[in-house]
Amino acid sequence: MKHTLSFALAISLLAPACRDSDDRYGLALTTLPPVAAAGAVVFVETASARAVAVNVSGDEPSVRVVNVGAEPTAVVARNAAPEALVLSRGRRGARGVAPEPGSLTALPLTGSERARTYPVGSPFNAVAQTPDGRFAITYFRPMSDAGRLLFNPNEVALVDLTQPPSGTNPTQRTVRSFGGVPNDVVFSPPMEVNGEARTLAVVLSDAYLTLMDLGHPERVEITVRLTLPEDPRAIRPTQVLFDTEGATLYVRAAASDDVYVLRLEATTPSGADGNDFRPAINQLAAGRRPADMALVGDVTNRRLLVVSPGSSDARLIDARANTVIPIPLDAPATNILLYERGGPGGPREALLYSTSGATTAVSFMALEGIETRRGQNVETVQLQRQVTAALPLADRGVVVLGHPSSSQGRLSLLDLERRTAAPILSEVALEGARFDDDREALWVAPRSSDRVGYIDLRSFRPGELLLDGPVTDVLPVTDATGRRRVVAIHPADGGWLTVLDGAAPSREGARSIEGFLLTDVLGTVE
Amino acid sequence: MTRTMTFASILAASLSLTAVAHADPDSPWVAGIEIGPRWRDSASWDAFSTAVAAPATGLFVGRDVSPSQRLLVVGVELGWGLESGHRTLRQAYDATLNTHSLHAAASLRVRLPFARWLQPYARVSGGALYHDGRLDPESDGAALFIDDWTWHVGTGGGLSVTTAPFLRGIGWRSARFTALVEAGYRWTGAPTLVATTGRSSNDPDAIPTTPVNLGSLSVAGPYLRVAVGLRF
């Protein structure tokens, strides 16, 4: 009797007590690379599908945690809005686990507004957005394994981020394919086409591109082949320039010596889902393997400047007149930087430089009268060092150049007006450097060093600051009020960062937070 | 493991019943040690243990405050207990949590006329819990420390048995062994745990750090308490 009573008591207690153990605490604590947006740094935990936003605009960092869709794959700052966008591929489902569609979560970083989750349906792995941040397109970048039995790589979803999720937002579409899959999506600024300002999404695929009118998502997309049907080349479009006043697109493609000019001409729509414009394509020779292009001249005299590292000249292309003017160069170039010499309103010039290591010289090109003066408008300046990267500060009349390691330092300042280069001794390469949003300072973080370095880009005076641990990355952050912060990220299992005042960096004004990836780990997440 | 310990405890307590003699009421004081599992209703506990129950140990001392010859005997008690959990958290931290409980309790025992050595009882308790934990990173970073206070109250019922005096030979007539088994439920506060790194507190020149809010931890749930002690 006594034993029976004791056992009955124990069993009655064990029954409610034996709940399943919560296995989320066993998930790995790995994150996507963080992004800076609107006074915050956003980390996304992949295994637990949580976005951890560390707001660094206040005197002390504060943390907000929001659940996002399963299997997050990308996080980006939303353009022109204080939000982060998290793309999740969703979950296939398993025994006892319901499948979950792919989704795009818009996470507000200011105020207490709740996150918006847009069900995009498919397990997309890439997201692109318009410069004004109104629209986002989710799509499939080429990948070896989608993790699904069947998927359509030409499917896209168009999301209007200014509207809440609904039955018509997002809009799912399948772009017409000639056998390829999207490599990238770019957006036009508002373009005047057939009397209406509209934003175009341009889906870049091997050998063709697809235009979608975002103002009219119900209309059928327009696909433009860049090669003949019998041509097997995958020329892969890589750069698109938009002449917004001339309703023209200029397309450069890898593995092609031509540039493609698409003039959008007004037409009468055929049916309710027809477009009121159509592209007329023109193809112009641009030298050997063009590497960069820039639009020059005003709307009445628009021309395209193209540099090709395989050619000893640059090309000035007039698409309307179908003319190509070669301009001889002493040094081949891969990049073009347009600027106004001496500041805004000054004569328009172009800096032509190469990051391929083929030359140690750069070219300054005056654009006024270039058609007639050609090579006479070009001045070559010998730097004596190869250029590996360039960060333009054209509004301040300088370009920060990166160079291979040498006794002369790895950075130099190229004065665009005087056309001189001054070295800055640096332990780090320019590729790891970060600008403030307003380009007031340049920040560097040498790997495994406890210090961050900076250059005040008004005075060009360098400085450095000792922190409490090694730095793996540095992220400048600007909040809505324009207050500049710099976030140094340290290696730590639970996340560790130090927040610095971007305008006056000092240890006294610094603040750290460590273990923030464990915020709300016990529960109470939004 | 926890269940095995539970049933072993129950068995030991039950077997002890068969060995006791009639209890003598002139032993108002009691002191003892206790063990037993503490189950958790909240999944927040799983951050610190993969077991559904925490093993607990403790010490207590008490005294009967009503005349011992009556049918109902009222006793009071003070005690301390320790419950521990340990696990690898998020494959990144070695997480340890020790919860100390300080309690005061009152019990009402029934002296059965036909078996005075066997006394069913009801008990209410209350007091404070102190959570003391640390998170040690598996690879990079500094340890994070947790400490927080909260309240707890509980109620339960059980059986106690008491032996006859066994130290009469040396003149201590009131000394008896006692054992008890008790089951019940404990309610606790659910404090928001804050983790701080020792980096800045250990180094006055370090950059100040902001603590991290880990969320709410509740250790409320059913319990089983097995104790042995000395009445005197």
Side-chain angles (χ1 to χ4, degrees), chain A residues 2-3 5-7 9-10 12-30 45 47-48 54 59-63 65 467-470 472 490-496 498-500 507-525, chain B residues 3 6-7 10-11 13-14 17-18 37 39-44 46-48 50-53 87-93 95 118 135 137-142 144 158-159 181 183-185 192-193 195 197 199-200 203 205-217 221-224:
Chain A
K2 294 188 290 288
H3 288 75
L5 183 63
S6 300
F7 272 106
L9 195 58
S12 65
L13 285 167
L14 277 171
C18 285
R19 58 178 175 76
D20 290 334
S21 179
D22 194 332
D23 58 4
R24 70 192 152 120
Y25 298 115
L27 299 174
L29 194 59
T30 53
E45 290 180 44
S48 60
V54 184
D59 291 336
E60 290 212 17
S62 61
V63 184
V65 182
L467 302 181
D468 284 351
T472 57
H490 310 281
D493 291 340
W496 176 20
T498 299
V499 185
L500 305 172
R507 279 183 67 85
E508 291 71 30
R511 192 83 196 183
S512 280
I513 183 169
E514 184 163 2
F516 55 84
L517 294 178
L518 295 176
T519 299
D520 280 331
V521 71
L522 303 177
T524 69
V525 179
Chain B
R3 287 191 203 181
T6 303
F7 290 123
I10 294 169
L11 188 60
S14 302
L17 295 179
T18 63
W39 287 277
R40 314 299 201 198
D41 285 345
S42 168
S44 57
D46 296 349
F48 299 98
T50 53
V52 294
R87 72 166 293 170
T88 300
L89 175 63
R90 302 294 309 271
Q91 301 179 31
Y93 282 92
L118 177 65
L135 303 169
E138 300 256 300
S139 52
D140 293 319
L144 303 173
L159 292 169
V181 58
Y185 192 91
T192 297
L193 297 190
T197 172
R199 200 186 299 276
S200 54
D203 179 2
D205 295 327
I207 292 170
T209 54
T210 299
V212 170
N213 181 337
L214 300 179
S216 295
L217 173 72
Y223 69 85
L224 192 65

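Proteins come first, then strands; the chains are lettered A, B, ... in the order of their sequence lines, and each starts at number 1.
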Q. If you take all heavy atoms of B:Val212 and A:Gly515, which pair is closest and at what distance?
A. CG1-O, 3.5 Å
**Q.** Where A:Ala510 and B:Pro208 come nearest, the two heavy atoms and their spacing
**A.** O-CD, 3.8 Å
Would you say [X]'s side chain and [Y]'s backbone share a donor-acceptor pair under 3.5 angstrom?
{"X": "B:Arg90", "Y": "A:Ala28", "result": "yes"}
{"X": "A:Asp493", "Y": "B:Glu138", "result": "yes"}
{"X": "A:Arg511", "Y": "B:Ile207", "result": "no"}

(Q) Applying the side chain to side chain contact (heavy atoms under 4.5 Å, CB included) criterion to B:Leu214, which one of A:Thr519, A:Leu522, A:Asp520 satisfies it? (A)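 In the set A:Thr519, A:Leu522, A:Asp520, the residue that makes a side chain to side chain contact (heavy atoms under 4.5 Å, CB included) with B:Leu214 is A:Leu522.
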Structural part of [X] lying under 4.5 Å from a heavy atom of chain A:
{"X": "B:Ala142", "value": "both"}
{"X": "B:Ser139", "value": "both"}
{"X": "B:Ala195", "value": "neither"}
{"X": "B:Leu144", "value": "side chain"}

Q: Under 4.5 Å heavy-atom distance to chain B, tell me which part of A:Glu508 shows up: side chain, backbone, both or neither.
A: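 No part of it gets close to chain B.
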[atom1]/[X] to [atom2]/[Y] distance, rounded to the nearest 0.5 angstrom?
{"X": "B:Asn213", "Y": "A:Leu518", "atom1": "CG", "atom2": "CG", "value": "11.0 Å"}
{"X": "B:Asp140", "Y": "A:His490", "atom1": "CG", "atom2": "NE2", "value": "12.0 Å"}
{"X": "A:Leu29", "Y": "B:Gln91", "atom1": "CG", "atom2": "CD", "value": "9.0 Å"}

Q) Top residue by heavy-atom pair count (under 4.5 Å) with chain A, among B:Ala92, B:Pro137, B:Ala47, B:Gly141? A)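 Greatest number of close heavy-atom pairs with chain A: B:Ala47.
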**Q.** By side-chain hydrogen bond (donor to acceptor under 3.5 Å, both in side chains) - contacts of A:Thr30 (at least two apart)
**A.** A:Thr46
Q) Looking at A:Ser62, A:Ala47, A:Ser48, A:Pro470, which makes the most heavy-atom pairs under 4.5 Å with chain B? A) A:Ser48
Q.
side chain to side chain contact (heavy atoms under 4.5 Å, CB included), that's the test. Do B:Thr197 and A:Trp496 meet it? Break it down for me.
A. CA-CA 10 Å; B:Thr197 172; A:Trp496 176 20; over 6 Å; no
